Amino acid sequence: MKAPADSAALPAHARLVARDDVWLEGNAVQQLARVAALPGCVRAVGMPDLHAGRGIPIGAAFAFADRVVPELIGGDAGCGVRLVATSIGRMAPDALERRARQAMDDDPLAECDPRAVFERVWERGARGLAELDGVPEALARLAAAELEDSLRPSGDASPYRAGYEGALGSVGGGNHFLEVARVGALRDPASAKALGLSAGELVVVAHSGSRGLGGALGQRWGGAVLEGDAAEPYLGELAGACRFARANRLLLAYRMLRALGASRASTITGGLDLTHNDVAREAVGGELAWVHRKGAAPARGSDFTVVLGSRGAPSWVMRSCDAEAGLRSVAHGAGRKMGRSEAREKIAARYRRRELVRTELGGRVVCDDPALLLEEHPDAYKPIEPVIESLVEAGLATPVAPLVPVLTVKR
DNA sequence: ATGTCC
């Protein structure tokens with residue numbers, strides 16, 4: 001059994017955003033304290049989904065005055081979530097499941113030259129897909145409508161030209177997924193409207209990252225600590241990996257939109273894309289600092305952000321409060337309650353196999369990996385409500401609308 | 001989280 005958190009162990013410039021009713025693992029808080037104590041760290045914020053990683057906790061943001069620490073981003077650079085809002089009201093569950101399976105088998109880039117795919121995506125991100133020869137027209141239109149990726153130019157691509165384009169449009173393992181969800185009762189109708197969300201309509205949610213490419217980036221920069229101009233090559237390569245990850249999510253969303261019959265522009269009413277693992281230069285305490293987000297969603301300006309639930313609990317679209325006290329970030333999800341091996345044992349004992357592919361809220365699950373089906377069961381996750389309330393009470397974001405999972409695809 | 005290897 002995991003030990004509970006002791007927040008007294010934290011230094012003054014570190015903070016936990018979690019109500020008393022949110023379970024936090026002691027080891028995760030120790031890791032937060034350890035990173036906060038690194039030279040140059042001026043602020044550290046642990047979110048209510050904080051959990052222990054390999055030395056670096058996940059579900060946190062760290063501000064460093066004068067240096068970039070690649071280890072804090074880790075091997076899943078650019079991981080994040082894309083939301084696409086549609087005007088589709090309903091679809092028969094059997095048909096949706098069948099068409100989703102089909103969409104996962106079809107390769108939308110089959111007609112494209114793999115080298116051209118890599119180059120366009122590295123330099124131009126999701127928008128680069130629109131410029132490819134052989135890309136389906138509906139995907140090209142979707143990609144062309146993308147906002148320009150971050151202004152930072154991509155760095156040297158040469159260490160990453162190794163066949164990673166084959167991973168584009170793939171979900172991956174762990175907590176990554178591709179989902180159809182239904183918009184629930186609106187909490188902030190004006191904000192929902194601005195984002196193109198209407199109660200009862202379907203949305204697509206893609207949570208995935210840069211796959212093996214991010215792993216290569218993490219390996220290459222290992223334990224480096226980068227000050228001044230020395231950070232530029234890493235930041236350029238990180239920008240390329242983030243563009244790759246965004247394009248991956250666009251392709252995933254396209255696949256599911258096609259399954260929904262919603263890939264026409266007129267049925268797409270809005271959307272957003274958020275990166276959970278990234279570094280940005282932002283104002284902290286009146287000075288510019290390098291804000292490292294590690295499993296944390298940006299919540300800047302009055303933009304929208306998303307906190308992922310589990311496949312058995314709603315995700316929440318929220319409106320950012322631009323709160324510097326939370327390093328302009330929010331939790332990226334509900335956070336795990338059980339470790340993976342613990343989940344495999346307990347959940348296998350609790351349910352029959354056929355029960356595992358249905359959820360309490362009436363959703364379906366498509367997952368061909370029996371271990372992953374257990375590891376990612378909703379019972380392995382914390383309840384989402386105290387997580388959302390923690391963010392609201394801390395003044396980081398306000399609720400806009402819940403997204404209730406209808407069909408979740410893994411791997 | 002990952003690809004790869006046991």
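These numbers come from the heavy atoms of this one structure, side chains and all, not from hydrogens, waters or symmetry mates. What you see is a predicted model; the values in this text were computed from it and never measured. Throughout, protein chains are lettered first and strands after them, A, B, ... in sequence-line order, and every chain is numbered starting at 1.
Evaluation of the side chain to side chain contact (heavy atoms under 4.5 Å, CB included) rule for Val42(A) yields Ala63(A), Ala65(A) as partners, not counting sequence neighbours.
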Collect all protein-nucleotide pairs involving nucleotides 2-6 of chain B in which both atoms are nitrogen or oxygen and the distance is under 3.5 Å.
residue: dT2(B); atom: OP1; partner: His176(A); partner atom: ND1; Å: 3.4
residue: dT2(B); atom: OP1; partner: Arg211(A); partner atom: NH1; Å: 3.4
residue: dT2(B); atom: OP2; partner: Gly173(A); partner atom: N; Å: 2.5
residue: dT2(B); atom: OP2; partner: Gly173(A); partner atom: O; Å: 3.3
residue: dG3(B); atom: OP1; partner: Arg211(A); partner atom: NH1; Å: 3.2
residue: dG3(B); atom: OP2; partner: Arg211(A); partner atom: NH1; Å: 3.3

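Only one option out of Arg124(A), Arg127(A), Arg246(A) pairs with Glu146(A) in a side chain to side chain donor-acceptor pair (under 3.5 Å); it is Arg246(A).
Atom CD of Glu355(A) has more than 12 heavy atoms from other residues, nucleotides or ligands within 6.0 Å.
No cation-pi contact links Arg243(A) to Trp122(A), judged by a cut-off of 6.0 Å to the six-membered ring centre and 45° from its axis.
Between the CG atom of Leu308(A) and the P atom of dA1(B) there is a distance of 12 Å, given to the nearest Å. Between the P atom of dA1(B) and the CZ atom of Arg411(A) lies a distance of 12 Å, rounded to the nearest Å.
Phosphate contact (OP1/OP2 of dA1(B), side-chain N/O of Arg54(A), threshold under 4.0 Å): absent.
At a cut-off of 3.5 Å, with distance as the only test, no side-chain donor of Asp322(A) or Ser320(A) sits close to an acceptor on the other residue.
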